[in-house]
Amino acid sequence: MKPQIGVLALQGDVREHTAALEAAGARAVPVRRVSELAEVDGLVLPGGESTTIDKLLRAFDLFDPLRTAIADGLPVYGSCAGMILLADHILDAAPGQQTLGGMDLTVRRNAFGRQVDSFETEVTVDGVAGDPVHAAFIRAPWVESIGPAAQVIATITSGPATGRIVGVRQDALLATSFHPEITGDGRIHDLFVSIVRREY
Ligand code: GLN
């Protein structure tokens with residue numbers, strides 16, 4: 001059976017995630033309403049702008065239902081802005097910005113700073129076999145600190161940000177600072193689909 005995986009389609013790179021999920025063997029569907037949320041086996045929170053997505057979640061009456069679904073165990077993969085939305089705590093938040101939470105993390109928005117606000121590098125990810133993942137970072141957050149419930153699966157291994165945490169897992173929740181959907185490497189989506197299938 002193909003799992004049905006939603007892509008939160010309020011803002012951000014929805015099309016790229018949809019294609020990557022389909023390539024990973026899932027049926028990808030856009031999610032904009034509560035009724036659509038109820039139909040999915042898992043959900044992707046795409047990159048974009050976390051403050052905008054936060055506001056739109058409220059405007060579409062999705063914020064509380066999604067928060068509850070996450071707390072109840074819905075598998076969710078958050079990329080970049082999606083990672084910010086999944087974090088229990090954020091640093092350098094916009095005034096009034098809230099997160100859905102669910103992951104025992106403190107995430108710093110726009111953490112890499114102006115000099116390297118967008119860059120690409122190779123990242124080794126636990127659970128992804130073979131070569132390192134070619135990862136694109138676009139005004140990305142990093143994980144400033146992690147609580148006992150969450151697990152680090154990827155860190156930066158070269159350059160000024162060496163050692164920074166950029167991939168995390170907590171039960172059925174997965175988050176990366178980077179955007180695997182735009183570099184053509186499907187292995188993070190494969191990992192998420194196997195989490196949705198409860199195989200990994
Ligand atoms: N800087 C953005 C934010 O705070 C995230 C950027 C991204 O998703 N590419 O939401």
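Below, all heavy atoms of this structure are taken into account, side chains as well, without hydrogens, waters or symmetry copies. Both ligands and their constituent atoms are indexed starting at 1 by order of listing.
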Against heavy atoms of G47, which atoms of ligand 1 measure under 4.0 Å?
-> 8 (O)
Looking only at heavy atoms, the pair that brings E22 and A28 closest together is OE2-N, 3.1 Å
Check the side chains of H189 and E181 for a donor-acceptor pair under 3.5 angstrom, ignoring hydrogens and angles.
-> no
CD1/I156 to OG/S177 distance, rounded to the nearest 0.5 angstrom?
-> 7.0 Å
Which option, A111, G78, S50, P46, owns the non-hydrogen atom nearest atom 3 (C) of ligand 1?
-> S50
Which bit of I84 gets closer than 4.0 Å to ligand 1, counting heavy atoms only: side chain, backbone, both or neither?
-> side chain
What atoms of ligand 1 come closer than 4.0 angstrom to any heavy atom of C80?
-> 5 (C), 6 (C), 7 (C), 8 (O), 9 (N)
For ligand 1, is there an N or O atom under 3.5 Å from any N or O atom of N110?
-> yes
With only distance considered, is H179 within less than 3.5 Å of ligand 1 through an N or O on each side?
-> yes
From A140, A81, A94, G48 - option closest to atom 6 (C) of ligand 1 by heavy atom = G48
CG of L173 to CG of L105, rounded to nearest 0.5 Å, is 9.5 Å
Residues E49 and R109 bridged, charged N to O under 4.0 Å = yes
Which class fits the ring pair F119 and F137: parallel under 30°, tilted 30 to 60°, perpendicular over 60°?
-> parallel
At what distance is the nearest protein heavy atom to atom 4 (O) of ligand 1, and which residue and atom is it?
-> R109 NE, 2.8 Å
Would you mind checking which non-hydrogen protein atom is closest to atom 2 (C) of ligand 1, with the distance to 0.1 Å?
-> E49 OE1, 3.5 Å
Smallest heavy-atom separation, G78 atom then L86 atom, equals N-CD1, 3.7 Å
